[in-house]
Each structure stands twice: as structure tokens, then as C-alpha cells.
Amino acid sequence: LIILFNGIMKYLKINIGKKNIELIKTHSLLFLLLFLYEYIFFKTIVYTYTPKSINKILKKFMNICF
């Protein structure tokens with residue numbers, strides 16, 4: 001999709017490098033927050049996942065509800 005947009009911009013003779021730098025400047029905080037979110041997600045969820053842990057969570061949930 002990004003390649004398609006860059007192709008369209010090149011066809012319309014819009015400076016791709018200038019637009020990409022402008023986009024990075026205006027949305028740098030968002031990019032930083034998304035990177036931080038992904039880092040925290042992978043650190044807490046993916047790296048600590050064990051296959052039987054979901055069963056423990058479901059059992060606790062069922063015991064609390066019923």
C-alpha cells in the first residue's frame with residue numbers, strides 16, 4: 001500500500017522524500033508511542049507466554065464467576 005502511494009506521488013511529480021520527512025516530523029510522537037506499545041506488549045505478553053497459562057486463567061475466571 002505504501003509503495004502504491006509512493007508510486008502515485010511519483011506519477012503526480014510530488015517530492016516523495018520531502019513528503020516522507022514531513023510525515024515523520026509531524027507524526028514522530030505517534031511513531032514513538034506505537035514502538036513503545038509494541039515493546040511493552042512483546043515483553044509482557046509474548047515472551048512470558050506458556051502454553052498452559054491460558055487454562056489457569058480460564059479456571060480462575062470460571063471459579064470467580066460460578
Side-chain angles (χ1 to χ4, degrees):
L1 190 60
I2 293 172
I3 295 170
L4 177 68
F5 286 143
N6 282 340
I8 292 170
M9 289 168 56
K10 192 168 197 160
Y11 178 74
L12 296 174
K13 297 188 178 167
I14 299 172
N15 191 350
I16 297 170
K18 192 175 188 180
K19 283 291 181 182
N20 286 340
I21 290 171
E22 182 182 316
L23 185 120
I24 289 171
K25 284 181 181 177
T26 58
H27 294 89
S28 60
L29 179 64
L30 179 65
F31 292 146
L32 182 66
L33 291 175
L34 286 172
F35 177 77
L36 185 65
Y37 170 77
E38 286 185 17
Y39 174 76
I40 292 171
F41 175 79
F42 278 103
K43 186 177 178 186
T44 58
I45 304 296
V46 175
Y47 293 142
T48 60
Y49 173 74
T50 57
K52 303 219 181 216
S53 65
I54 193 70
N55 291 337
K56 292 178 185 176
I57 294 170
L58 287 175
K59 285 180 184 177
K60 285 181 184 179
F61 180 72
M62 293 303 238
N63 287 335
I64 291 171
C65 289
F66 299 111

Subject >> Within-4.5 Å side-chain heavy-atom neighbours: L23 and F31 >> reply: yes

Does L4, at its CG atom, have more than 12 non-hydrogen atoms belonging to other residues, nucleotides or ligands within less than 6.0 Å? yes

*Do I21 and I24 sit in the same hydrophobic cluster, where Ile, Leu, Val, Met, Phe, Trp and Tyr count as joined when their side-chain heavy atoms come under 4.5 Å apart?*
no

Rounded to the nearest 0.5 Å, the CG atom of N20 sits from the CE atom of M9 at a distance of 6.0 Å

